[in-house]
Amino acid sequence: MKMDLTVPLSTEKEAEIVYRTLSVDKEPKRGGVTRNICLEGSHLNVHFEAAEAKMMRVSVNNFFDHFNLVVQTMEQFGPPNT
């Protein structure tokens, strides 16, 4: 099972912050899910692969939980310096 996401952000700097924050944590090997994140301008591209639909759902939900946390933190502290 494969899934590709493209998440647009307002600026390249915001996309870079999100990318650098989320690319640090890898998926646990026991979950059977692989996640690859790449940055293209102000777009974050994420590719997921999983053997089971349940594990895919958990991985995508966790990704968006972490993504929302990063975005809310940036909103709380203002736009990043360029």
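These numbers come from the heavy atoms of this one structure, side chains and all, not from hydrogens, waters or symmetry mates. For this chain, numbers begin at 1 and follow the sequence in order.
For V46 against R35, the heavy-atom pair with the smallest separation is CG1-CG, 3.7 Å. Contact detail for E16 and L39: the closest heavy-atom pair is CA-CD2, 3.7 Å. Across all non-hydrogen atoms, the minimal contact from M56 to M1 is CE-O, 3.5 Å. Residues G41 and A15 come closest through the heavy atom pair O-CB, 3.8 Å.
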>> If you apply the rule side-chain contact (heavy atoms from CB on, under 4.5 Å), what do you find for N61 with R57, and how did you get there?
In response: CA-CA 6 Å; N61 283 341; R57 177 184 53 81; 3.6 Å; yes

> Stepwise, does the side-chain contact (heavy atoms from CB on, under 4.5 Å) test hold for N45 with D4?
Replying inline: CA-CA 7 Å; N45 297 315; D4 291 310; over 6 Å; no

> Step by step, would you call H43 with V7 a side-chain contact (heavy atoms from CB on, under 4.5 Å)?
Replying inline: CA-CA 6 Å; H43 291 80; V7 184; over 6 Å; no

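Here the OG1 atom belonging to T21 is positioned 7.5 Å from the CE atom belonging to M74, to the nearest 0.5 angstrom. Put simply, CG on L44 and CD1 on I17 are 12.5 Å apart, with the number rounded to the nearest 0.5 Å.
Clustering ILVMFWY residues whenever any of their side-chain heavy atoms sit less than 4.5 angstrom apart, transitively, puts V58 in a cluster other than the one holding V33. Both M3 and F63 are part of a single hydrophobic cluster, where members link through side-chain heavy atoms under 4.5 Å apart.
Residue F48 is tested with T34, I37, N36, L5 for a side-chain contact (heavy atoms from CB on, under 4.5 Å); the sole match is L5.
Counting only distance, with no hydrogens or angles, the side chain of S23 and the backbone of Y19 share a donor-acceptor pair below 3.5 Å.
Classification of the F67-F64 ring pair by plane angle, with boundaries at 30° and 60°, yields perpendicular.
Partners of E49 according to the side chain to side chain donor-acceptor pair (under 3.5 Å) rule, which considers only residues two or more places apart in sequence or in another chain, are H47.
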